[in-house]
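Please read the structure below before turning to the comments.
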2 protein chains.
Amino acid sequence: MSGYKIGILAKRAGANAPTIRYYEQIGLLRRPDRQDGNQRRYSDEDVGRLTFIRRCRAFGFSIDQVRRLAALVEDRSRSCVEARDIAQAHLAEVRAKLRELRALEKSFAGFVADCDAKCAGALGPQCAVLDELSVNGSTGKR
Amino acid sequence: MSGYKIGILAKRAGANAPTIRYYEQIGLLRRPDRQDGNQRRYSDEDVGRLTFIRRCRAFGFSIDQVRRLAALVEDRSRSCVEARDIAQAHLAEVRAKLRELRALEKSFAGFVADCDAKCAGALGPQCAVLDELSVNGSTGKR
DNA sequence: TCTACAAGTTAAAGTGACTTGAGGTTCAAG
DNA sequence: CTTGAACCTCAAGTCACTTTAACTTGTAGA
């Protein structure tokens, strides 16, 4: 009997078996053939599609975005430009988060350095960094 | 009658009213005084704490982490060294997140650029970029 | 062939961090 | 005094899974 069992597919594509069943349930993966004992059997094509899905998810695309991207992969009559647009929108979001996080890192690194320098061992700190986080202005909102 | 109503607090700290009630419910915000008509009344201190919480959340800290950080801000009796240790641990997390996000940004920028270059405008055929996502190797897994 | 036991099956509930909805009360302006 | 915005509580919904329970099937060793 050929084809992969769910556990193998999971390993190959970097997912858990329940996640695969979940994807099937929400219609992101097709319902596969079953062997005699009712167990799912998958093909190389399934490995490809699931790998694609997991990779997109790891990149932070929502299930809905992945659905659209996967449709693009499947249906080659549509232009690549469409995929690029989805990716580009997402890239902007990633960059925004990156900026915010860099600011946070700076604050925290400064705090740790200040602690080492100013209040080394001493009691009753003035923790300016933590204070700053409670005040409006400076750091990113939303 | 002094103090802010929930809507005002929400606006000042960058949250929604239901979120504030939710934070109260899970014990992240104290239960505020109520005025005659049973409506919550908040102080400037609450604005500070909620601002802090929202900012930490925006930076990707979990509620549990925020709980610990907030306790740190509140309790100044603890030595600066202790504060620094907690902050340092969080700094490590922030840096890890930063690394992930940077890798992500790189992959994505590459993806978008490839789309522009390889499949520029061309219809239908062989979007190499999307193909790559379905194949093991090359791009970032997890 | 028998016997473990690993890996598969389903359906339902749990998670985190909120958001939304229903249905009712209170407040502030005109 | 009435309207409508803002408040109240409690329950259920959302997203993307993960976990649990209770059961069946597949496989490898004695």
Side-chain angles (χ1 to χ4, degrees), chain A residues 1-43 46 49-70 90 93 97 141-142, chain B residues 1-42 46 49-70 93 97 141-142:
Chain A
M1 206 137 290
S2 78
Y4 313 119
K5 292 209 265 184
I6 198 167
I8 305 295
L9 171 61
K11 213 159 272 179
R12 300 235 167 151
N16 302 333
T19 303
I20 294 172
R21 295 192 196 98
Y22 166 71
Y23 284 166
E24 180 184 326
Q25 183 187 306
I26 64 170
L28 191 53
L29 287 176
R30 67 181 186 89
R31 284 189 294 159
D33 295 341
R34 305 291 186 116
Q35 69 177 45
D36 281 7
N38 196 36
Q39 302 194 353
R40 292 167 177 81
R41 290 272 127 154
Y42 295 96
S43 68
D46 295 313
R49 179 162 173 119
L50 182 55
T51 303
F52 175 81
I53 291 168
R54 290 310 293 170
R55 203 153 281 167
C56 289
R57 291 289 302 129
F59 283 155
F61 288 107
S62 71
I63 291 283
D64 223 59
Q65 288 175 315
V66 175
R67 218 186 282 273
R68 276 182 289 153
L69 282 171
H90 192 64
E93 278 170 43
K97 241 192 193 343
K141 264 190 91 165
R142 175 186 49 151
Chain B
M1 206 137 290
S2 79
Y4 312 118
K5 293 208 266 183
I6 199 168
I8 306 295
L9 172 61
K11 213 159 271 180
R12 300 234 168 152
N16 303 332
T19 304
I20 294 172
R21 295 192 197 99
Y22 167 71
Y23 283 166
E24 180 184 328
Q25 183 188 308
I26 64 170
L28 191 53
L29 286 177
R30 66 180 187 91
R31 283 189 295 159
D33 296 342
R34 303 293 184 114
Q35 70 178 43
D36 282 8
N38 195 37
Q39 300 194 356
R40 292 166 177 82
R41 291 269 124 160
Y42 294 96
D46 294 314
R49 181 165 171 114
L50 181 54
T51 304
F52 175 81
I53 291 168
R54 289 310 295 171
R55 203 152 281 167
C56 289
R57 288 289 302 126
F59 285 148
F61 289 104
S62 73
I63 290 283
D64 224 59
Q65 289 174 315
V66 175
R67 219 187 281 272
R68 277 181 288 155
L69 281 171
E93 278 172 44
K97 233 178 204 337
K141 263 192 92 167
R142 180 191 45 161

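No experiment lies behind these values; they were computed from the predicted model shown. Proteins get letters first, then strands, A, B, ... in listed order; numbering begins at 1 in each.
Straight-line distance from the CG atom of B/Leu9 to the P atom of D/dC7: 10 Å, rounded to whole Å. The interatomic distance linking B/Ile8 (CD1) with C/dC27 (P) rounds to 15 Å, in whole Å. The separation between B/Asp36 atom CG and D/dC7 atom P is 17 Å, rounded to whole Å. We find that CG of A/Asn38 is positioned 11 Å from P of C/dA11, with the value rounded to whole Å. A/Tyr4 has its OH atom 19 Å from the P atom of C/dA7, to the nearest Å. Atom CZ of B/Arg34 and atom P of C/dC27 are 12 Å apart (whole Å). Distance B/Ile20 CD1 to C/dT20 P: 15 Å, rounded to the nearest Å. In this structure, B/Arg31 atom CZ and D/dC8 atom P are separated by 14 Å, rounded to whole Å.
Comparing A/Glu24 and B/Lys5 against DNA chain C, the residue whose closest nucleotide sits nearer the 5' end is A/Glu24. Heavy-atom distances to DNA chain D give each of A/Pro18 and B/Gln39 a nearest nucleotide, and the one nearer the 5′ end belongs to B/Gln39.
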Which pairs of donor and acceptor atoms, one on a side chain in residues 21-33 of chain A, lie under 3.5 Å apart (sequence neighbours left out)?
unit_1	atom_1	unit_2	atom_2	d
A/Tyr23	OH	A/Arg54	NH1	2.6
A/Glu24	OE1	A/Arg40	NE	2.8
A/Arg30	NE	A/Asp46	OD1	3.0
A/Arg30	NH2	A/Asp46	OD2	2.8

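Of all non-hydrogen atoms in B/Ala15 and B/Ile20, the two that sit nearest each other are CB-CG1, 4.4 Å. The heavy-atom pair separating B/Val66 from B/Cys56 by the smallest distance is CG2-CB, 3.7 Å. The heavy-atom pair separating A/Asn16 from A/Ala10 by the smallest distance is C-CB, 4.1 Å.
For the pair B/Arg40 and D/dT9, the criterion of a side-chain N or O lying under 4.0 Å from OP1 or OP2 is met. Between D/dC10 and B/Gln25, no contact under 4.0 Å exists linking OP1 or OP2 to a side-chain N or O. Of the side-chain N and O atoms in A/Gln35, one or more sit less than 4.0 angstrom from OP1 or OP2 of D/dG26. Phosphate contact (OP1/OP2 of C/dT9, side-chain N/O of A/Arg21, threshold under 4.0 Å): present.
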Please test B/Arg41 against B/Arg34 for side chain to side chain contact (heavy atoms under 4.5 Å, CB included), starting from the C-alpha separation and ending with a verdict.
CA-CA 6 Å; B/Arg41 291 269 124 160; B/Arg34 303 293 184 114; over 6 Å; no
Could you walk me through whether A/Leu69 and A/Phe52 pass the side chain to side chain contact (heavy atoms under 4.5 Å, CB included) check?
CA-CA 9 Å; A/Leu69 282 171; A/Phe52 175 81; 3.9 Å; yes
Quick test: give all pairs of protein nitrogen or oxygen and nucleotides 15-18 of chain C nitrogen or oxygen below 3.5 Å, distance rounded to 0.1 Å.
unit_1	atom_1	unit_2	atom_2	d
C/dA17	OP1	B/Ile63	N	3.4
C/dA17	O3'	B/Arg57	NH2	3.3
C/dC18	OP1	B/Arg54	NH1	3.3
C/dC18	OP2	B/Tyr23	OH	2.9
C/dC18	OP2	B/Arg57	NE	2.5
C/dC18	OP2	B/Arg57	NH2	3.4
C/dC18	O5'	B/Tyr23	OH	3.3

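Atom CD1 of A/Ile53 sits about 9.0 Å away from atom CZ of A/Arg67, to the nearest 0.5 Å.
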